[in-house]
Amino acid sequence: MALKNDGSAGRKDPLGLDRQSTALLQGELAWDEAVLKQGRLRIRTVVTLRWVLVASEAAVLTVSAALLNLPAPYAICFGLVGLAAWVNLLVGIATPGQRLLNPAEATLQLGFDIIRIAALVFLTGGILNPFVVLMIPPLALAAATQSLAPTLALGVLAMGSGAVLSFFALPLPGAETPVAAWPLGWRLGAMTALLLGLAVTAAYVREAAQETARRALALDITQAVLARERRMTALGGLAAAAAHELGTPLATIAIVAKEMAREATTPQIREDADLLMAQAQRCREILARLTEAPDASDQVHERMSLLQLLQEVIEPHRDVKGVRLEAIVTGAPGVRKPGLARMPEVIHAISSFVENAVDFAASEVLVTARFDADAVALEVRDDGAGFAPEILARLGEPYVTSRPGAEGSRTGHIGMGLGFFISKTLLERTGAVVSFQNGRPRGAVVTVRWPRARIELDHA
């Protein structure tokens, strides 16, 4: 998950899953990333945005000709607008609107728009025409929906068109001086402004789109982890209920088998009765083990103390050699101890923080719970090297990791850069505030704080 400043690739991001489940999630992640690289642009989006461009261009040309009486080759200009409308009509009719364009189709569609806009601007003043900025929307759309190669190709096309329009174009409507006669510095300045607008807009849009896609994918995996935790909790409750219901018939079977063994007339019947009693006893032992996991829907087990919560989150990690785990609960004098609602997402998230601390602690991990009249706070502190300064500010974002494997961790789990994101997201959904910092003189510290009303059973 996070990176330690000892040069190792990063603190582990436990998903709380076994290796098979982790591999499955990684496969889903790779599949989703492959889909994103293929583009996410629908035919309907291209058609709708092109209609907006066509309507805008037609309105500007109409106002220039009818109201402003500006001289321009309107026949050719309206012909280009009509060509775009005709192409758009054909595309809209021939192709289902929900179909996703492949990268080549998207490049052709958006490239057509860029070239057509450049042609219109060429006819009406070139780089001097303020409507040259209409080349930006097709490139921005490509940056938001396409992979890097088509975006770069369209960027080169748009920038090349802008450079050509800076030196070759018909006169601006209302001005008799051709573009080539305008001062070179002025034209170069206008060209630079256009090229910067294209580059900066595409970069901003692409970064925002990628961040949105990454967070959406990470949230999907978070939902999968939480759903798995809830299924496991429900399974434990089902097992406990089954054990309770099956206890009585198994006891009856055992009593009947004893009677059969006592009244057996032949050794074969006695042997069968003994086998029946042995198997009934085995079933009761299996059910007894199942009942060790409390029923999550049981009113008694819905409530847990802070100490029970800490013991539950550190218990799976006590067997790690070389690390001492300790849980401490403190409270304000005279304040009633909180009775917490049992929430799988809280247990999973805190356990993930503890496992991460165990991975990189030098010798000790301290889990502390504090409460007062208004709040409940948990702190996971280790005595390791601490978080790397370059990523401390980014903890809690998806895919914050630089190591693909388990090098440097004690447990050998494989990190995908999602552990802190998943845990932080789950906790924030319960009303918690999560913070990360380095301790003094060393170590990493994760703090989780709730208002009491959000986590106590009486209010949750």
Side-chain angles (χ1 to χ4, degrees), residues 1-2 11-14 16 222 225-226 229 301-318 323-361 364-384 386-387 392-397 400 419-460:
M1 285 169 19
R11 295 172 66 90
K12 181 180 68 61
D13 51 349
T222 302
V225 171
L226 180 57
E229 289 294 314
H301 295 105
E302 278 186 355
R303 181 185 297 272
M304 63 190 313
S305 67
L306 272 174
L307 184 58
Q308 287 174 326
L309 171 61
L310 298 192
Q311 293 294 343
E312 188 162 338
V313 298
I314 70 175
E315 186 62 32
H317 315 298
R318 287 192 180 277
V323 177
R324 184 175 70 90
L325 275 170
E326 186 175 353
I328 300 175
V329 177
T330 60
V335 177
R336 175 181 56 85
K337 294 181 179 180
L340 308 183
R342 178 181 292 275
M343 291 185 279
E345 55 267 48
V346 172
I347 297 172
H348 170 83
I350 302 300
S351 181
S352 295
F353 290 145
V354 171
E355 188 172 11
N356 191 74
V358 167
D359 255 351
F360 290 91
E364 182 182 61
V365 174
L366 182 62
V367 185
T368 306
R370 300 181 181 88
F371 64 89
D372 55 30
D374 301 317
V376 175
L378 296 181
E379 181 183 276
V380 180
R381 178 186 295 266
D382 65 59
D383 60 349
F387 297 115
L392 182 57
R394 297 182 55 211
L395 284 179
E397 298 179 9
V400 178
F420 270 7
F421 173 78
I422 289 174
S423 299
K424 184 172 182 287
T425 300
L426 294 179
L427 290 171
E428 287 176 343
R429 291 184 178 184
T430 67
V433 176
V434 185
S435 61
F436 312 105
Q437 62 185 6
N438 284 325
R440 294 183 179 180
R442 57 187 286 120
V445 182
V446 179
T447 304
V448 185
R449 184 179 179 87
W450 292 270
R452 283 187 65 143
R454 293 298 301 269
I455 195 171
E456 281 196 280
L457 181 63
D458 297 338
H459 303 281

By side-chain hydrogen bond (donor to acceptor under 3.5 Å, both in side chains), which residues pair with S435, not counting sequence neighbours?
none
Contact between V448 and I350 at the side-chain level, heavy atoms closer than 4.5 Å - yes or no?
yes
State, to 0.1 Å, how close L427 and V346 come at their nearest heavy-atom pair, and which atoms those are.
CD2-CA, 4.1 Å
Flag, side chain of R370 to backbone of T330, donor-acceptor distance under 3.5 Å:
no
Taking the side chain as everything from C-beta on, heavy atoms only, tell me whether R452 gets closer than 4.5 Å to V335.
yes
State, to 0.1 Å, how close A444 and N438 come at their nearest heavy-atom pair, and which atoms those are.
CA-OD1, 4.3 Å
Any side-chain heavy atom of V445 within less than 4.5 Å of one from E379?
yes
Should L378 and L306 count as side-chain neighbours, where that means a heavy-atom distance under 4.5 Å?
yes
Which atom of D383 lies closest to which atom of R442, heavy atoms considered:
O-NE, 2.9 Å
Just wondering, do S351 and E312 contact through their side chains at under 4.5 Å, heavy atoms?
no
Roughly how far, to the nearest 0.5 Å, is the CZ atom of F353 from the CG atom of D382?
12.5 Å
L366 side, atom CG; L310 side, atom CG - distance, nearest 0.5 Å
9.5 Å
When every non-hydrogen atom of T430 is compared with those of E345, the smallest separation belongs to CG2-CG, 3.7 Å
Validation row: M343, L426 side chains within 4.5 angstrom (heavy atoms):
no
Should V323 and D359 count as side-chain neighbours, where that means a heavy-atom distance under 4.5 Å?
no
